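Working notes for the structure below.
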Number of protein chains: 2
Amino acid sequence: MDITLAVLAGRWTPLVFREFLRRDRATYSELSAALPALSDKVLSDRLAQLTGADVLDRHRVPGWPPHVRYTLTEQGRPWNRCCTAWGEWGTARWQESR
Amino acid sequence: MDITLAVLAGRWTPLVFREFLRRDRATYSELSAALPALSDKVLSDRLAQLTGADVLDRHRVPGWPPHVRYTLTEQGRPWNRCCTAWGEWGTARWQESR
DNA sequence: CTGTATCCTGAACGATACTG
DNA sequence: CAGTATCGTTCAGGATACAG
């Protein structure tokens, strides 16, 4: 669990990571559009962090304009189980509070 | 999931919460001893945060010296499912990295 | 014993401008 | 398009002293 916490450290990390639940690949601009609250710098930081932790893969598509595709790695994919657990818990709390 | 994130916001929140996986009740001093990295203030802050989110219950035991017992609420108990998901993911990553 | 009050510091965040 | 560089700011976190 400490390992998981280390990977997910930082304010927006889980939200960035969550974007890969629906789409299994995403470009920088897609993520930027999906997470308007994040400045360029923070998004870059988070992507570098997650890439460095081997949960995301970064692949430059040759050509112009430049294009970068981010995908979940084999290690990153089981993360969705954590996400669903989080979601279920939050949902239960939300229903009780209505 | 956003709800869950809001509840768990803050650097040490998940670790404090995790302490209630083994023990279902704990006193302030027990938590303080189990989490030596946390200063008094941060531990207080986290306990107040979790109490305010209705995932922990705070109960003052009458008498002297004062004694406070924290327990998981009904809402807080399903949190262990999130914890185990986190733990499994971290464990898998750890095993692969050996 | 279980906190709260106060102050201080550093890291993270955010905005802007700029580069490959 | 996809970032990096720089800088200013804010805010969570830590230490200490004190209170109920």
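Because the structure is predicted, anything quoted here is derived from the model rather than measured. Letters A, B, ... mirror the listed sequences (proteins, then strands); counts begin at 1. Computed over heavy atoms, backbone and side chain alike; hydrogens, waters and symmetry mates excluded.
When distances run from any side-chain atom of K41(A) to the nucleotides dG14(D), dT6(D), dG3(D), the shortest one goes to dT6(D).
The hydrophobic cluster containing I3(A) does not contain W12(B), counting ILVMFWY residues as joined when their side-chain heavy atoms lie under 4.5 angstrom apart, directly or transitively.
A heavy-atom distance below 4.5 Å is found between the side chains of L15(B) and D2(A). D57(A) is not listed as a side-chain neighbour of R25(A), based on a closest heavy-atom distance of 4.5 Å or more. For the pair L50(A)/V16(A), a side-chain contact is recorded, criterion being any heavy-atom separation below 4.5 Å from C-beta on. In this structure, the side chains of L8(B) and T4(B) come closer than 4.5 Å at one or more pairs of heavy atoms.
With respect to D24(B) and R69(B), no salt bridge is recorded, no charged nitrogen being found less than 4.0 Å from a carboxylate O. For D45(B) and R11(B), the salt-bridge test fails: no basic side-chain N is under 4.0 Å from an acidic carboxylate O.
No hydrogens or angles considered: nothing links the side chains of R58(B) and T51(B) as a donor-acceptor pair under 3.5 Å.
Only T27(A), Y28(A), S29(A), listed by number, bring a heavy atom of residues 19-39 of chain A to less than 4.0 angstrom from any atom of DNA chain D. Residues from residues 49-68 of chain A that place a heavy atom under 4.0 Å from any atom of DNA chain D, listed by number: R58(A), P65(A), P66(A), H67(A), V68(A).
For the helix from dC1(C)-dG20(D) to dG20(C)-dC1(D), the rotation axes defined at the first and last 5 base pairs enclose an angle of 60°, given to the nearest 10°.
Along DNA chain C, the nucleotide closest to D40(A) and the one closest to R11(A) are compared, and the more 5′ of them pairs with R11(A).
Contacts between chain A and DNA chain C, taken as any atom within less than 4.0 angstrom of a protein heavy atom, begin and end at dC13(C) to dG20(C).
By the neighbour-count criterion of 12 heavy atoms within 6.0 Å, atom CZ of R77(A) is densely surrounded, having more than that number from other residues, nucleotides or ligands. More than 12 heavy-atom neighbours from other residues, nucleotides or ligands sit within 6.0 angstrom of CD on E96(B).
For D45(A) and dT4(D), the CG to P distance is 8 Å, given to the nearest whole Å. In this structure, the CG atom of L47(A) is 11 Å from the P atom of dA2(D), given to the nearest Å.
Panel note: side chain E88(A), backbone A85(A); no donor-acceptor pair is recorded below 3.5 Å.
Taking only side-chain nitrogens and oxygens, Y70(A) never comes nearer than 4.0 Å to OP1 or OP2 of dC1(D).
With sequence neighbours excluded, the residues that form a side chain to side chain contact (heavy atoms under 4.5 Å, CB included) with A34(A) are E19(A), R23(A).
For residues 57-79 of chain A, the pairs satisfying ring pair (Phe, Tyr, Trp, His ring centres under 6.0 Å) are F17(A)-W79(A), W79(A)-W89(B), with sequence neighbours left out.
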